[in-house]
Amino acid sequence: MPERVKPDVGVAAAALDFDTELMLRVKEGDGASFGVLLDKYRSSVVHFLFRMVQNHAVAEELGQEVFLRVYRSRSTYEPTAKFTTWLFRIATHLALNALRDTKNEKSQERLDDDSSGLPARQVSDNQPSIEQYMVYQVRLEEVRHAVRMLPDKQRAAVLMHKYEEMEYSQIAKVLNCSESAVKSLLFRAYETLRARLAHMA
Amino acid sequence: MRCQIESPGHAERLLAYCAGKLDSQAAAALEEHIRSCPGCADFVKEQRAVWEALDGWETAPVSADFDRRLHRRIQQEVSWWDLLMRPFRPLMARQGLPVAAAACLVIAAGVMLQRPAAVPPEFIPQSAQVNAASPDQLEHAIDDMEILRELNHLVRPDAEPKM
């Protein structure tokens with residue numbers, strides 16, 4: 001059966017042109033364009049980092065470093081790939097390093113000692129009951145634990161595939177591996193997640 | 001349709017279907033297969049459960065002062081080198097590394113030329129050297145004078161020695 005995927009090439013090309021153009025303006029010294037890129041990708045980068053390291057403070061610190069590196073690299077920026085590929089390559093690199101450093105340090109303080117990353121909910125008439133909230137928290141912890149247990153690269157691949165809706169080719173560029181390797185990573189990762197989370201259906 | 005769930009291509013198609021990334025024609029063909037294949041039906045059910053579980057994982061909004069902190073760090077990054085290189089940035093943007101290298105060389109040469117010439121070490125006159133005669137030399141000199149006087153007396157015995 002020939003694979004037919006929704007044609008979103010036009011949208012991607014337009015996005016490529018716009019983001020790349022913005023970054024090229026940053027290269028020329030236009031600070032406002034940097035602000036536009038920051039506005040556009042701040043949340044997705046920090047949320048991706050949070051789901052990688054599962055600690056809000058660390059995720060924000062890494063997010064700062066991502067955008068700082070984008071700014072530092074402006075003079076040498078070359079639009080050889082989609083801007084988001086470059087951006088998430090920086091973010092993934094930093095996240096993998098942070099995870100590796102934490103493992104190396106064998107610190108007592110785990111990166112994942114954070115809460116869900118959500119502000120404490122106030123219980124009121126318009127919001128879920130305490131029971132519902134607790135059920136939600138238990139399920140959320142199961143999801144977080146299942147993702148946390150994935151090998152780092154599988155985790156990054158799943159998060160980019162699920163939340164950033166990246167194509168295999170783009171994930172491959174971010175992780176610096178082949179497209180078939182990404183498919184294999186994702187297949188194994190989802191297989192593990194199905195085994196751990198299918199009961200939640 | 002024979003089930004090919006074990007093949008990577010089929011699993012990839014099922015994943016794309018669950019992610020809503022297949023076009024309507026491909027999705028319809030796959031749904032027809034899924035209706036007659038319990039294995040694929042289970043796969044899709046479980047994958048959708050994973051998908052929904054991941055959908056439920058919300059994250060906190062980014063801190064309100066994220067941009068302020070970032071801009072403060074960026075301002076701190078503006079170093080003297082940045083200021084120095086600013087005139088060359090348009091050139092570097094167009095020509096890249098070769099021009100950057102050339103600019104660095106020009107600056108380095110300028111710095112070298114501006115630097116005050118190396119001051120030669122000041123001439124330090126050597127201290128006056130007094131060649132003091134040793135006692136032996138003095139003794140030899142007295143002896144020589146004695147010999148000369150005796151010779152003089154022998155040659156001219158009438159001459160009085162002048163001391």
Side-chain angles (χ1 to χ4, degrees), chain A residues 1-8 24 27-29 34-35 38-39 42-43 46-47 50-51 56 59-60 63-64 67-68 71-72 75-76 78 116-119 136 139-140 142-144 146-147 158-159 161-163 165 167-168 180 183-184 186-187 190-191 193-201, chain B residues 1 4 8-27 29-30 33 42-63 65-67 69-74 76-77 82 85-86 88-90 92-94 96-97 100:
Chain A
M1 187 194 302
E3 186 185 349
R4 281 186 289 268
V5 175
K6 281 179 184 174
D8 58 351
L24 288 171
K27 184 177 180 173
E28 297 290 335
F34 180 74
L38 179 62
D39 259 353
R42 181 198 308 107
S43 293
V46 174
H47 291 166
F50 171 72
R51 289 182 173 115
H56 197 67
E60 287 221 348
Q64 294 260 318
F67 286 103
L68 201 58
Y71 189 77
R72 274 185 204 146
S75 58
T76 54
E78 292 296 336
S116 64
L118 291 169
Y136 168 79
R139 288 169 66 93
L140 181 60
E142 271 192 79
V143 174
R144 295 177 65 217
V147 172
V158 164
L159 297 179
H161 183 249
K162 172 68 183 82
Y163 296 104
E165 300 187 351
E167 301 295 335
Y168 298 127
S180 60
K183 287 175 186 174
S184 174
L186 284 172
F187 187 75
Y190 282 126
E191 198 170 34
L193 291 178
R194 281 197 300 277
R196 288 176 183 158
L197 300 175
H199 67 278
M200 292 173 78
Chain B
M1 185 187 290
Q4 300 166 314
H10 189 59
E12 184 188 331
R13 219 163 10 253
L14 285 169
L15 286 177
Y17 171 72
C18 293
K21 287 187 174 179
L22 286 187
D23 66 28
S24 56
Q25 198 179 349
L30 192 60
H33 165 73
D42 283 347
F43 182 102
V44 168
K45 186 182 165 193
E46 290 172 2
Q47 183 62 25
R48 280 185 171 158
V50 169
W51 216 250
E52 283 168 18
L54 292 174
D55 277 336
W57 188 6
E58 295 169 17
T59 56
V62 179
S63 302
D65 68 341
F66 184 89
D67 289 11
R69 282 187 288 140
L70 179 64
H71 287 128
R72 195 172 57 209
R73 287 179 70 175
I74 285 173
Q76 286 169 353
E77 291 266 316
D82 207 21
M85 293 303 289
R86 188 167 291 169
F88 300 99
R89 191 162 294 145
M92 284 192 288
R94 292 192 194 92
L97 195 60

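Distance alone, capped at 3.5 Å, is enough to place a donor-acceptor pair between the R51(A) side chain and the W57(B) backbone.
Under the ring pair (Phe, Tyr, Trp, His ring centres under 6.0 Å) criterion, H47(A) pairs with no residue at all, not counting sequence neighbours. For E46(B), the side-chain contact (heavy atoms from CB on, under 4.5 Å) partners are R194(A), A198(A), not counting sequence neighbours.
Here H161(A) is the residue among R196(A), E142(A), H161(A) with the most heavy-atom pairs under 4.5 Å with chain B. Per-residue counts of heavy-atom pairs under 4.5 Å with chain B were compared for L193(A), V158(A), L68(A), T76(A); the largest is that of L68(A). Note on L186(A), V46(A), D39(A), L159(A): by heavy-atom pairs under 4.5 Å with chain B, the leading option is V46(A).
Closest approach of Y190(A) to Q47(B), counting heavy atoms only: CD2-NE2, 3.4 Å.
Heavy atoms closer than 4.5 Å to chain A are found in the side chain of L15(B), but not in its backbone. For a residue to count as touching a neighbouring chain, one of its non-hydrogen atoms must lie under 4.5 Å from one of that chain's; by this rule L38(A) touches chain B with the side chain only.
Salt-bridge formation is not detected for the pair E12(B)/K21(B): no Lys NZ or Arg NE/NH1/NH2 atom is positioned less than 4.0 Å from an Asp or Glu carboxylate oxygen.
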